[in-house]
Protein chains: 2
Amino acid sequence: MSSDVTLKHIAEELGVSAMTVSRALNDRPNVDEKTKEKVIETAKRMGYTPNQVAKSLVSNKTHTIGVVIPEITHAFFPEVVRGIEEVTNDSDYQIFLTNANEQFSREKKAVRALQAQRVDGILISSSQTVDDFSFYKEIINSGTRVVFFDRCIENMGVSCVSVNDRVSSTEITEHLITEHKFKKIAYISGPQDVSVGHDRYMGFVDAMEKHTLPLKEKWIVRGGFQEEAGYDAMQELLALPVEERPEAVVTVNDPSAIGAIQAISEKGLSIPEDIAIVGFTDDIRAELLKVPLTTVRQPAYEVGRLAALKLIQTIENKDEPEEILEVQTELKIRSSCGCS
Amino acid sequence: MSSDVTLKHIAEELGVSAMTVSRALNDRPNVDEKTKEKVIETAKRMGYTPNQVAKSLVSNKTHTIGVVIPEITHAFFPEVVRGIEEVTNDSDYQIFLTNANEQFSREKKAVRALQAQRVDGILISSSQTVDDFSFYKEIINSGTRVVFFDRCIENMGVSCVSVNDRVSSTEITEHLITEHKFKKIAYISGPQDVSVGHDRYMGFVDAMEKHTLPLKEKWIVRGGFQEEAGYDAMQELLALPVEERPEAVVTVNDPSAIGAIQAISEKGLSIPEDIAIVGFTDDIRAELLKVPLTTVRQPAYEVGRLAALKLIQTIENKDEPEEILEVQTELKIRSSCGCS
DNA sequence: TTGTATGCGTTATCAT
DNA sequence: ATGATAACGCATACAA
């Protein structure tokens, strides 16, 4: 109940029909210039705000996009949202933002709500960690336009914008191998059912296999995307007998690396002398750490921009083709890997 | 065009009226148990999703609230949004998030769009930097429910949740005066027309006057909320003749302080020996800086939670009273002030 | 150029 | 318990 003024009210005020008012305000042809002026003036005077809800009901279009992110405090996602906004702002879409907090149940609830709101499309970075695609199959089958970003769910017949995670992960691992001659390298992983979790892990494996280095089971620790997970995973590695300890650790992302660093420090060990470590994300904090973190910079803003563009095209273009877009990362070499 | 199934379709399928279907699905009385079961089963089978747009049109309620923030990359706001979401998630409101990027023109555009979407209310942290309140007067007069947070616009007859900026600013300044015996203290300010900018500056002035210390004009530098502004402002201070240089600097927020620190480092000076500095916000980076930053912790999550609660009460309660809520901050003493 | 009728999907109201 | 009708605010299609 913001503005109770409707087309009808303006029409009555001026003794014309609602249609004339509608035409005048929407700049449609076949309206007398004088009438038009009067209408516009009166609308302004009466404080008229068009009712988008009613418009949507008629046009079956809400000019609205839903955005579902798994984590709002992780700096990557706000930056993606900025990229999305650059696009939506120019093309007059409003965004519904929902944060799933890494919980698939909340994600599902959010998507349902967005469907009920009849958003024109949804941008999703999924928190899903199980191999059951029925939920998104159903959503997509129902005709909802979807574009995934960063954490993609594949083979759903919809577009996706992500970072070349696997290759980047290989590159940063190879840096440890070729530049620093490390052989005993551990990996702190994210959930394997989230695409970035899987891809980054596979990139690590690629590098290790290429250089025929051992992939010891005890050096592959299941962690997660957040600091605590990295901390806990590192504790596990540090609990190994000293001679079995890895020389270097590759982590699934920077928050995880930061948690691991905390564990290393608490143990009284130093980086990179005792254990080298690298991250993934280029978190805002990476450069400021006591030992600046070597990591992979992800162009978050660009991911958001591309995903939004693709979604809007998908919305406005009947048969916009499915596309898998990858944006390129950049290795950020700092000191935590052993470089100076 | 997500789900084309309507009440009518289900009704036809079952040979009943749309009303019966509506009643059944909404758990209303006066529906035969058997019919109800059938309806629910059929709705599920056909993939029915209620059309919230149509519901909104008839009920004049969208179950939607708009959130307008000035800056999404500044960590404070995502944390506020998390607090807001905790509340909206429980009470089944969806949020429309818009980021004004510190531009009042974008903020106005966003508010207009939210009004057109007929959101039930709006949470705003304003980017406005001019003393012209006509915009919000009009918005509020039109009946739109508004609650301001963090950056409040006062005397508009609406509720506001903020941090006790002025007192906190006095406290951190007094820490420099009483604990460290600084007398030559400079201030890098934010825009004076934004409430937090003004209040924090006034808190600084309060402390200086209380201890009868000089408020030299050249030591009050107009900066801004972002790093570059802090950097530029510090450059100005560093350009002063050495004997006129301040011993300590109070800044309007952490990003600003971080920019200033950069300028100090580039000049080859050290913190806190040559110049002590304090911030405001407790940015995620504050603790990780080479010289950890003394600052004021703002309970962002709590600000969001309270603001959302108040707005929802305002929406659902005809005459919910206007309220000015302040949440308490906490001094975070680290090393940049001279403490060890 | 302007107006009337109709429908978007849902629910309130008043029948039956 | 169920149904018919009207209404929410707007725009399309057609008529005047």
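Fair warning: this is a prediction, and the values are worked out from it, not measured in the lab. We name chains A, B, ... by the order of the sequence lines, and we start the count at 1 in each one.
Contact annotation for A:Asp32: backbone-only contact, meaning every heavy-atom pair under 4.0 Å involves sugar-phosphate atoms and none involves a base. Within the nucleic acid shown, A:Val31 comes within 4.0 Å of sugar-phosphate atoms alone, with no base atom in reach, counting heavy atoms only. Using a 4.0 Å heavy-atom distance criterion, B:Pro29 is classed as making no nucleic acid contact. Residue contacts shown for B:Thr35 are limited to sugar-phosphate atoms, with no base heavy atom under 4.0 Å away. A:Asn30 comes within 4.0 angstrom of a nucleotide base, judged by non-hydrogen atoms across all strands. Note on A:Leu7: only backbone sugar-phosphate atoms sit closer than 4.0 angstrom, heavy atoms only; bases stay farther off.
Contact check for B:Leu123 versus B:Ile95: no side-chain heavy atoms found under the 4.5 Å cut-off. With a 4.5 Å cut-off on side-chain heavy atoms, B:Glu13 and B:Lys8 do not count as touching. At least one side-chain heavy atom of A:Thr49 sits under 4.5 Å from a side-chain heavy atom of B:Arg118.
Comparing A:Ser59 and A:Glu33 along DNA chain C, the residue whose closest nucleotide (by nearest heavy atom) sits nearer the 5' end is A:Glu33.
The backbone N or O of B:Ser105 sits nowhere less than 3.5 Å from a side-chain atom of B:Gln103 that would complete a donor-acceptor pair.
Listed by residue number, the members of residues 8-25 of chain B with any heavy atom below 4.0 angstrom from DNA chain C are B:Met19, B:Ser22.
Not counting sequence neighbours, the partners of A:His74 by the side-chain contact (heavy atoms from CB on, under 4.5 Å) test are A:Glu71, A:Phe76, A:Phe77, A:Asn253, A:Pro255, A:Thr281, A:Asp283.
Between B:Lys61 and B:Asp120 there is a salt bridge, since at least one side-chain N of the basic residue sits less than 4.0 Å from a carboxylate O of the acidic one. A salt bridge between A:Lys44 and A:Glu41 is absent, with no side-chain N of the basic residue lying under 4.0 Å from a carboxylate O of the acidic one.
Along DNA chain C, the stretch of nucleotides lying under 4.0 Å from any heavy atom of chain A spans, 5' to 3', C:dT1 to C:dG9. Taking the 5' to 3' direction, DNA chain D first and last meets chain A under 4.0 angstrom from a heavy atom at D:dG9 to D:dT12.
Using the six-membered ring where Trp is involved, B:Tyr136 and B:Phe104 have ring planes that are tilted, between 30° and 60° apart.
Applying the disulfide bond (SG atoms under 2.5 Å apart) rule to pairs touching residues 55-160 of chain A yields A:Cys152-A:Cys160, sequence neighbours excluded.
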Side-chain donor-acceptor pairs of residues 80-88 of chain A under 3.5 Å, sequence neighbours excluded:
| from | atom 1 | to | atom 2 | distance (Å) |
| --- | --- | --- | --- | --- |
| A:Arg82 | NH1 | A:Glu79 | OE2 | 3.2 |
| A:Glu85 | OE1 | B:Asn99 | ND2 | 3.1 |
| A:Glu85 | OE2 | B:Asn99 | N | 3.0 |
| A:Glu86 | OE1 | A:Tyr301 | OH | 2.3 |
| A:Thr88 | OG1 | A:Ile84 | O | 3.3 |
| A:Thr88 | OG1 | A:Glu85 | O | 3.3 |

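For the residue pair A:Thr98 and B:Gln94, no side-chain donor N or O sits within less than 3.5 Å of a side-chain acceptor on the partner.
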